[in-house]
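Comments concern the structure below.
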Amino acid sequence: MPFDHTALLPKAPAMMPFLTSRPAVAIAFAVLVSACAGAPPVANTSGAAPRFVAERFFAGRLDGVGTLKIVLHAPITTHVISIGRVDADGILLLDQHIEQQGKPARDRQWRIRPLGNGRYKGTLTDASGPVTGEVEGNRLHLGFSMKGGMRVDQWLRLSSDGQVAQNHLIVRKLGVTVATLEETIRKLP
């Protein structure tokens, strides 16, 4: 999912003391931060996979439902409501409301700028540095770092009708997978 919406949403630093005192919560937070980006591949039965254009897919209203798996914990249900728009300067703004089983709801924002040739760069309120993105056919790969030395990689695969993306997200610390998210994101009317 694309982008930098830090200006519109609460900042993550207020939550950091809580995250640093509970590693499992920090991991869950990291996975949720990237909640909108990754799930198992979607089969393309038409033979012609549409190119993933982030600013097209994420414009409008979207609904994401997924399962977060943190090492040594029971799976957690996630629900993400997103509203995206493209500014006059071409930047994709994606505001998200995240609900995670057993946790208070929270908001975040992505700001993603298309660089051309299927490449993107942006920000995310939950990330500790820049977000990078690259498209290969109907697949978008997003990557960013989180506080606590965590690295997030997320792959979104667009369905043949362009209305659904499967999101597969992996959170690693010191190269070891500590959490995964499988999510289905649907465009809403």
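What's counted below: heavy atoms across the whole structure, side chains too, no hydrogens, waters or symmetry copies.
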For the residue pair [X] and [Y], what are the closest heavy atoms and their distance?
X: Ala127; Y: Phe144; value: CB-CD1, 3.7 Å
X: Leu158; Y: Pro50; value: CD2-CG, 3.9 Å
X: Leu142; Y: Gly133; value: CD2-CA, 3.8 Å
X: Pro114; Y: Gly90; value: CD-O, 3.2 Å
X: Phe52; Y: Asn138; value: CD1-O, 3.6 Å
X: Lys187; Y: Arg56; value: NZ-O, 3.4 Å

Does any non-hydrogen side-chain atom of [Y] lie less than 4.5 Å from one of [X]?
X: Phe57; Y: Leu156; result: no
X: Tyr120; Y: Leu140; result: yes
X: Asp95; Y: Asp107; result: no
X: Val171; Y: Val152; result: yes
X: Val86; Y: Phe58; result: no
X: Val80; Y: Glu183; result: yes
X: Asp126; Y: Arg106; result: yes
X: Ile81; Y: Asp63; result: yes

Please round to the nearest 0.5 Å and tell me the distance separating atom [atom1] of [X] and atom [atom2] of [Y].
X: Leu169; Y: Glu182; atom1: CG; atom2: CD; result: 8.5 Å
X: Thr125; Y: Gln96; atom1: OG1; atom2: CD; result: 8.5 Å
X: His73; Y: Leu68; atom1: NE2; atom2: CG; result: 10.0 Å
X: Ile185; Y: Gln163; atom1: CD1; atom2: CD; result: 13.0 Å
X: Lys173; Y: Met150; atom1: NZ; atom2: CE; result: 6.0 Å
X: Arg186; Y: Leu62; atom1: CZ; atom2: CG; result: 11.5 Å

Quick one: does [X]'s side chain have a donor or acceptor within less than 3.5 Å of a partner on [Y]'s backbone?
X: Ser128; Y: Ser145; answer: yes
X: Asp89; Y: Ile91; answer: yes
X: Gln101; Y: Thr77; answer: yes

Are Leu181 and Val65 connected in a single hydrophobic cluster, I mean Ile/Leu/Val/Met/Phe/Trp/Tyr linked by side-chain heavy atoms less than 4.5 Å apart?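 Result: no, two separate clusters.
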Is there a side chain to side chain contact (heavy atoms under 4.5 Å, CB included) between Asp153 and Arg172? Walk through the geometry before answering. CA-CA 8 Å; Asp153 284 292; Arg172 293 182 181 94; 3.5 Å; yes
Is atom CD of Glu136 surrounded by more than 12 heavy atoms (other residues, nucleotides or ligands) closer than 6.0 Å?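 Atom CD in Glu136 is not crowded, with 12 or fewer foreign heavy atoms closer than 6.0 Å.
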Does CZ in Arg151 sit with more than 12 non-hydrogen atoms of other residues, nucleotides or ligands closer than 6.0 Å?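 For Arg151, atom CZ is crowded (more than 12 foreign heavy atoms under 6.0 Å).
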With no hydrogens and no angle check, do the side chains of Gln100 and Thr78 hold a donor and an acceptor under 3.5 Å apart?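 The answer is no; no qualifying pair exists.
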